[in-house]
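Each chain gets a letter, A, B and so on, in the order the sequences are listed, and its residues count up from 1. Computed from a predicted model, the values in this text were never measured in an experiment.
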Amino acid sequence: MLDPKLLRQSAADVAANLARRGFDFDADAYLVLEERRKALQVETEQLQGERNASAKRIGKAKAQGEDIAPLLAAVKDLGERLDAGEKALQDVQAELRDIELGLPNLLADDVPTGTTEEDNTEVRRWGEPVDLGFAARDHIALGEGLGQLDFDAASKISGARFVVMKGPLARLQRALIQFMLDTHTGEHGYTEAYVPYLVKSQALIGTGQLPKFEEDQFKTTGESPFYLIPTAEVPVTNLAADVIFDADALPQRIVAHTPCFRSEAGSHGQDTRGMIRQHQFEKVELVQFVAPDASMAALEELTGHAETILRKLELPYRTVTLCSGDIGFGSTKTYDIEVWLPGQGRYREISSCSNYNDFQARRMKARRRNPGTGKPELIHTLNGSGVAAGRALIAVMENYQREDGGIRIPAVLQPYMGGLTAIEPV
RNA sequence: GGAGAGAUGGCUGAGUGGUCGAAAGCGCUCCCCUGCUAAGGGAGUAAGGGUUAAAAGCCCUUCGAGGGUUCGAAUCCCUCUCUCUCCGCCA
């Protein structure tokens, strides 16, 4: 959510910024509504003040044994006027809130303007795509060739966009997850967290998936349904909801491994084969709570933490700044890390690292005490994949494949694989 | 799943219809005093919002959440959520 004060005072500037995203914010309509809110609120609060004053008067009169009948008569119609005013005010405020919850975050100045991923700008590249010396297979051919990746079995059980893994390949994903968690906790100062995978709607409102992206979520039935988390960002970031951190409590860095559930509404036809885009996948997520002036530096740092994983795995990657048309709803600036996939002959997203500044914090009332004034102020939140485990598995398979269909195990993963150095074809 | 108890400010904890945003203690901040010295005294100390260019001031809201009764609700009524205790069941 954007600062309502900013919306009131600089609606046109906000509209101009959001226009870079291709988002149309009707500033004039908002301001009209805002004027109405102002009038109604002033009026309603005045009536409330009257009610409070007269109630006090009646109380005093009664205590002194005076006749309160005339006082009661004087406030006879106050209740009705107050009810009407409060109702009208509530309606306008709800309308304003609906608009505000639907507004994306303001873009940082250095976010490139563009419309599609073609317009993202590369900021750095690490490693060189390896020349395998033979025709690279994709992860599907490799996994099925090993008999350890089974899309048919998954489809029988759950349908499209699921996978069953078996044997060393299943273990390899687990190894990747353990390796990532250990690296982030051991070397990058993150605290590991285990969190719920089912959350209330309020949590998704806090991080920005709701109300706008309802159709992307899986949810349970019932009167107050649970939502399946689309990313650990949701439960982890909401740890800061309604919290006022002590002045010296930030930054906080939290890492969590969770499965992620996405309906992939609107992505029909995209990546239908293989396990690039699944309804269920594993991810290690990095989240940071930082002081308001520290978030841009933290974004660089967090992106570096994710990159470290790929470097240790010796997977070639490039890092891009998402352009205004490709960046996510709540982010002010996002780096995507794209890993080289020989089977596809191109770089594919394996991590997305975003600075939300106070956008999520305002929605979930995540604050800290300002060290100077002692007053509460909104913190900044960041998150990034560190990294997507399913896609990391694909990357390892395709980059470490041998001509015979076997897969070498990256050195850093071997301890997690019981010393295994390769997955051998049968 | 059954029975019971509870939810108040950073914490402990009073408060069963009015002068209560809320006693007292602890903690914290500032000031003063000081060889009864890991002491004493004083003042301050919730959050959000409106009005304002901003501040001050003034006002509004909030005692788990929502609804109701009332001129007036922390206090009465209803619904819900959560926590704790006991029983049952269970990874």
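Taking atom CG on A:Leu89 and atom C1' on B:G49, their separation rounds to 11 Å, with Å as the unit. Summarising the geometry, the separation between CZ on A:Arg97 and C1' on B:G49 is reported as 14 Å, rounded to the nearest angstrom. A straight line from CD of A:Gln46 to P of B:G50 spans 17 Å, rounded to a whole angstrom. When the P atom of B:G49 is taken as reference, atom CD of A:Glu43 falls 22 Å away, rounded to whole Å. With rounding to whole Å, A:Asp248 atom CG is found 12 Å from B:U29 atom P.
Residue A:Gln9 places at least one side-chain N or O closer than 4.0 Å to OP1 or OP2 of B:A54.
In terms of position on RNA chain B, the residue among A:Ile58 and A:Pro376 whose nearest nucleotide sits closer to the 5' end is A:Pro376. Comparing A:Gln41 and A:Glu50 by the nucleotide of RNA chain B that holds the closest heavy atom to each, the one mapping nearer the 5' end is A:Gln41.
Sequence neighbours left out, the pairs with a member in residues 262-290 of chain A that pass salt bridge (Lys or Arg N to Asp or Glu O under 4.0 Å) are A:Asp138-A:Arg273, A:Glu264-A:Arg277, A:Asp271-A:Arg277, A:Asp271-A:Arg348, A:Lys283-A:Glu285. Pairs of residues two or more places apart, or lying in two chains, that qualify as salt bridge (Lys or Arg N to Asp or Glu O under 4.0 Å) and include a residue from residues 6-18 of chain A are A:Arg8-A:Glu34.
For a distance-only test at 3.5 Å, the side chain of A:Lys56 fails to qualify as a donor-acceptor partner of the base of B:G18.
Residues A:Glu307 and A:Leu310 are not in side-chain contact: their nearest non-hydrogen atoms beyond the backbone lie 4.5 Å or more apart.
Of the C1' atoms belonging to B:G88 and B:G15, the separation is 38 Å, rounded to the nearest Å. Taking atom P on both B:U69 and B:C77, the two are 15 Å apart, rounded to the nearest angstrom. Between the C1' atoms of B:G10 and B:A65, the separation comes to 22 Å (whole Å). As rounded to the nearest Å, B:A54 and B:G50 have P atoms that lie 10 Å from one another.
Residue A:Lys62 is in base contact, counting any heavy-atom pair closer than 4.0 Å across all strands shown. Contact annotation for A:Arg57: no contact, since no heavy-atom pair falls under 4.0 Å across all strands. Nucleic acid contact class of A:Asn52 (heavy atoms, under 4.0 Å, all strands): sugar-phosphate only.
A donor-acceptor pair is defined here as one N or O able to donate and one able to accept, closer than 3.5 Å; no such pair exists between the side chain of A:Thr258 and the backbone of A:Val195. Listed for the A:Glu398 side chain is a donor-acceptor partner under 3.5 Å among the backbone atoms of A:His139.
Considering only side-chain atoms of A:Glu45, the nucleotide from B:G50, B:A47, B:U61 that sits closest is B:G50.
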